[in-house]
Amino acid sequence: MAERFDLQGRHGKSRVRVSRVWRRPAAAGGHLFVEWSVAVSVVSDCLPSYTSDDNSAIVATDSIKNTVYVKAKECTEVVSMEEFAVILGRHFTSVYPQVSEATVTITERPWERVLVDGKPHSHGFKLGSEKHSTEVIVKKSGSLLINSGIQGYSLLKTTQSGFEGFVRDRYTLLPETKERIVATEVTAWWRYPFEHVSQLPSKPFCFTQRYQDLKKVLADTFFGPPDVGVYSPSVQNTLYLMGREVLTRFPDIASIQLRMPNLHFLPVNLSGKENPGLVKFADDVYMPTDEPHGTIEATLTRANSKL
Ligand SMILES: O=c1[nH]c(=O)c2[nH]c(=O)[nH]c2[nH]1
């Protein structure tokens, strides 16, 4: 008898790029504009399409792609990325009996309103750097998982950082220091507390506002007060303080995952037989590097969380 196999498949469409404009009058704040890259992946009961030539249960990935544009068109009111992802996830899991679950991932291209002579422009945007993403999983029952994140958030400070007291053995060359540049490119992911579509907040845009607030908490904790800063004894400690501050400020966030590569700025000392002490490092000239870099990451979860 032929061997039997379990098969767990999923299918969808990735990198579906969509932009949406909401044309508000200038007096109401001007146009809103987003550019999203959407990935949809559905868990669908279409086993015969894998094991035979029967495609009758397949929702074509081309139709999945089209749905992204249809739903964008239907969003006549402003929606955040997270809300749009829930709309898509709800659509696939409610319209198609064979679809039990949908994962919708969206990454936003960070178009930011320009300022002209210090005034927000009503319809002009420029590209920023760090990116906002979300991953939403919707089940047929309406149960939900919403994780959102930030990528490519580059932060640097020129002082108030050191690294001392680490293991010294026969492999150690790194001198201890109380003075260095610290630079990183933060990746963070956090989970929202809504576990069912019925719990979603009705206030539009709250996810977008939360992203902005969270980004500010991360940066403010990294930098410290504008005039004096705050001393960082290690990237590990700074990462912990950033995560702790997020969980303290936002009680509805149960957990945050932070990845903070340590992008080294190496002291430049140049010396040769002919030119002894050509360049002597005095906390002034550095060689910026990104390879190799330290990898520091941690997840902070509330001790009483049920996660
Ligand atoms: O903040 C730091 N953490 C480390 O773990 C480490 N390791 C290293 O070489 N430099 C640093 N800096």
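Ligands are counted one by one from 1 in listed order, and the atoms in each one are counted from 1 as well. Only heavy atoms go into these numbers, but all of them, side chains included; no hydrogens, no water, no symmetry mates.
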Please report, to 0.1 Å, the donor-acceptor pairs under 3.5 Å made by any side chain of residues 134-144, with sequence neighbours excluded.
{"unit_1": "Thr134", "atom_1": "OG1", "unit_2": "Asn147", "atom_2": "O", "d": "3.1"}
{"unit_1": "Thr134", "atom_1": "OG1", "unit_2": "Ser148", "atom_2": "OG", "d": "3.1"}
{"unit_1": "Lys140", "atom_1": "NZ", "unit_2": "Thr93", "atom_2": "O", "d": "2.7"}
{"unit_1": "Lys140", "atom_1": "NZ", "unit_2": "Tyr96", "atom_2": "O", "d": "2.9"}
{"unit_1": "Lys140", "atom_1": "NZ", "unit_2": "Pro97", "atom_2": "O", "d": "3.4"}
{"unit_1": "Lys140", "atom_1": "NZ", "unit_2": "Val99", "atom_2": "O", "d": "2.8"}
{"unit_1": "Ser141", "atom_1": "OG", "unit_2": "Ser143", "atom_2": "N", "d": "3.3"}

Any chance the side chains of Asn66 and Ser63 put a donor and an acceptor closer than 3.5 Å? no
Just need the protein heavy atom nearest to atom 7 (N) of ligand 1, so name the residue and atom and give the distance. Phe163 CE2, 3.5 Å
Provide the number and element of each atom of ligand 1 under 4.0 Å from a heavy atom of Asn262. 2 (C), 10 (N), 11 (C), 12 (N)
Going by atom types only, do Asp54 and Ser56 share a side-chain donor-acceptor pair under 3.5 Å? yes
Within the 4.0 Å heavy-atom shell around Ser234, which atoms of ligand 1 are there? 1 (O)
For Val235, atoms of ligand 1 separated by under 4.0 Å from a heavy atom: 1 (O), 2 (C)
Note the single closest protein heavy atom to atom 9 (O) of ligand 1, along with its residue, its atom name and the distance in Å. Leu174 CD2, 3.4 Å
Would you please test Ser255 and Arg191 for side-chain hydrogen bond (donor to acceptor under 3.5 Å, both in side chains) and show each step? CA-CA 6 Å; Ser255 148; Arg191 172 168 298 181; over 6 Å; no
The option among Gln236, Arg180, His264 carrying the non-hydrogen atom nearest to atom 12 (N) of ligand 1 is Arg180
Just by distance, no angles: are the side chains of Glu130 and Ser154 close enough, under 3.5 Å, to form a donor-acceptor pair? no
